[in-house]
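One structure below.
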Amino acid sequence: MFAAERRQLILEMVRANGAVSLRELARVVQTSEVTVRRDVRALEAEGLLDRRHGGAVLPGGFTRESGFPQKSHLSTAEKTAIADLAAGLVGEGEAIVVGAGTTTQELARRLARVPGLTVVTNSLLVAQALAHANRVEVVMTGGTLRGSNYALVGSGAEQSLQGLRVSRAFLSGSGLTAERGLSTSNMLSASVDRALVQAAAEVVVLADHTKLGSDTMFQTVPTELITRLVTDEPPVHDERAATELQALADQGVEITVAGPDAGSPAGGDPLPPGRQQQRQDMPLPGQRRTQGGHGGPGGLGPQLRSAAALAEGPVGRVADMRRR
């Protein structure tokens, strides 16, 4: 494929989806990420798109929200790896809330095997993934259906969450920065996500590396309220994503990173027992916050938990990564 043909295809993908990762672009045009990055720079110089951490977006500063059909085909391997690790945070008999999104849908598929679990959600996709799990109770919010992401939004959804209290909220979004936290492109979705956060003792954000450093219109979770980020390992060349991870850790967010070989086998089922997901441990300096019940005993520094430690459960096994 000639350079002009590649760039035209890249431009069409970004226009159709709003945001596309370099990995996905390289896969579609069947070339290396180095070549795709060069093409993206050339298109940015012409004002046809904007570069973001690990990808490209429509020009104008803030990405628009893609519909479910587009999102479901983006970063599928990364979402699978993230969902595998996040599922290890959920124990038998817990009550949790799960927000809307394609990554949280992947998480829900893995939660179907957790006995005694109660899941409160505004997502039809999450509910569908758990519909046949006979040991999981699903509680749907009220609200108005938003067809682009199959989620219930509006005052009905928010009112149904009042007075609710659960152990954890699992949320995804359109962008994540250390300065502003998690954000999304739709006002109604952001409002419901904020209500989900209010119902939870801890907040776990699921976001692949392409969302790190991206900032969209409506803030959903400020950084100080994010307990943990579960993400995939950024490419070696993506220094800005690594910098964003460091900045989040410095503000007290626990970082769990899926390694390049993490994830489920084809078909989306969880990994078989005894097979460990791979991950990379990183030194993450900084001080843990203590407000809002998210700080550890004695104000421990940011903590990085391995997949094995997640499976073992007790917080005491989490490595203390505070600054020495």
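Quick note: residue numbers are just sequence positions, from 1. Computed from heavy atoms alone, side chains included, the values below leave out hydrogens, waters and symmetry copies.
Between atom CD of residue Gln105 and atom CG of residue Leu124 there is a gap of 10.5 Å, rounded to the nearest 0.5 Å. Rounding to the nearest 0.5 Å places CG of Leu107 at 6.0 Å from CZ of Phe170. Thr102 OG1 to Asn149 CG: the interatomic distance, rounded to the nearest 0.5 Å, is 10.0 Å. To the nearest 0.5 angstrom, Thr177 atom OG1 is 10.0 Å from Leu212 atom CG. Once rounded to the nearest 0.5 Å, the distance linking CD of Glu44 with CG of Leu48 reads 10.5 Å. Distance CD1/Ile96 to CZ/Arg168: 8.5 Å, rounded to 0.5 Å.
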Exercise for the section: Go through Met217 and Met187 one step at a time and tell me if the side-chain contact (heavy atoms from CB on, under 4.5 Å) criterion holds. Expected result: CA-CA 8 Å; Met217 291 183 68; Met187 181 173 63; over 6 Å; no
Practice task
Please assess Leu130 against Val98 for the test side-chain contact (heavy atoms from CB on, under 4.5 Å), listing each intermediate value before the final yes or no.
Solution key: CA-CA 12 Å; Leu130 294 168; Val98 180; over 6 Å; no
Problem - Full working for side-chain contact (heavy atoms from CB on, under 4.5 Å) between Asp215 and Ser183 - result: CA-CA 7 Å; Asp215 197 8; Ser183 61; 3.7 Å; yes
Exercise for the section: In sequence, state the C-alpha distance, the side-chain angles, and the governing distance for Asp208 and Lys79, and then conclude on salt bridge (Lys or Arg N to Asp or Glu O under 4.0 Å). Expected result: CA-CA 7 Å; Asp208 65 75; Lys79 292 173 184 177; 5.6 Å; no
Exercise for the section: Output, in order, the C-alpha distance, side-chain angles, deciding distance and verdict of salt bridge (Lys or Arg N to Asp or Glu O under 4.0 Å) for Arg23 and Asp232. Expected result: CA-CA 13 Å; Arg23 288 177 182 174; Asp232 64 297; 3.4 Å; yes
Exercise for the section: Tell me, with the steps shown, if Thr216 and Ser174 meet side-chain hydrogen bond (donor to acceptor under 3.5 Å, both in side chains). Expected result: CA-CA 7 Å; Thr216 49; Ser174 302; 4.6 Å; no
Exercise for the section: Check the pair Arg109 / Leu111 against side-chain contact (heavy atoms from CB on, under 4.5 Å), numbers first and verdict last. Expected result: CA-CA 6 Å; Arg109 289 171 177 157; Leu111 296 179; over 6 Å; no
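For residues 151-160, the set of pairs meeting the salt bridge (Lys or Arg N to Asp or Glu O under 4.0 Å) definition, not counting sequence neighbours, is empty.
Glu92 approaches Pro115 most closely through the heavy-atom pair CG-O, 3.1 Å. Smallest separation of non-hydrogen atoms from Leu206 and Ala86: CD2-CB, 3.6 Å. Between Ala100 and Asn122, the shortest heavy-atom distance links the atoms N-OD1, 3.7 Å. Closest heavy-atom contact between Gly101 and Thr104: O-OG1, 2.9 Å. Across Ala178 and Glu244, no two heavy atoms sit closer than the pair N-OE2, 2.7 Å. Closest non-hydrogen pair, Leu125 versus Tyr150, comes out as CG-CB, 3.9 Å.
For Ser167, the side chain to side chain donor-acceptor pair (under 3.5 Å) test picks out Glu94, with sequence neighbours left out. Residues that satisfy the side chain to side chain donor-acceptor pair (under 3.5 Å) test with Arg194, not counting sequence neighbours, are absent from this structure. Residues passing the side-chain contact (heavy atoms from CB on, under 4.5 Å) test with Gln30, sequence neighbours excluded: none.
Looking at Val257 and Ile255, their side chains come closer than 4.5 Å, going by heavy atoms from C-beta outward. Side chains of Val97 and Thr121 form no contact here, defined as non-hydrogen atoms less than 4.5 Å apart. You'll find the side chain of Glu5 stays beyond 4.5 Å of the side chain of Gln8, heavy atoms only. Contact annotation: the side chain of Val29 approaches that of Ile10 to within less than 4.5 Å [non-hydrogen atoms, C-beta and beyond]. Contact of the Thr256 side chain with the Val204 side chain is not registered, since no non-hydrogen atoms from C-beta on lie closer than 4.5 Å. Counting heavy atoms from C-beta outward, His209 and Glu233 have side chains that stay 4.5 Å or more apart. Within the 4.5 Å cutoff, no side-chain heavy atoms of Arg146 are placed close to those of Leu152. Within the 4.5 Å cutoff, no side-chain heavy atoms of Leu85 are placed close to those of Arg110.
Counting only distance, with no hydrogens or angles, the side chain of Thr227 and the backbone of Val203 share a donor-acceptor pair below 3.5 Å. One N or O on the side chain of Ser160 and one on the backbone of Ala157 form a donor-acceptor pair closer than 3.5 Å. When atom types are taken as modelled, the side chain of Glu254 and the backbone of Leu229 share no donor-acceptor pair closer than 3.5 angstrom.
Glu179 CD: 12 or fewer foreign heavy atoms inside a 6.0 Å radius.
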Please tabulate, for the side chains in residues 134-143, all donor-acceptor contacts under 3.5 angstrom to protein atoms that are two or more places apart in sequence or on a different chain.
none

Listed pairs under 3.5 Å, donor-acceptor, residues 36-43 side chains, sequence neighbours left out:
from	atom 1	to	atom 2	distance (Å)
Arg37	NH2	His237	ND1	2.9
Arg37	NH2	His237	NE2	2.5
Asp39	OD1	Arg6	NH2	3.1
Asp39	OD1	Arg7	NE	2.9
Asp39	OD1	Arg7	NH2	3.3
Asp39	OD2	Arg6	NE	2.7
Asp39	OD2	Arg6	NH2	3.3

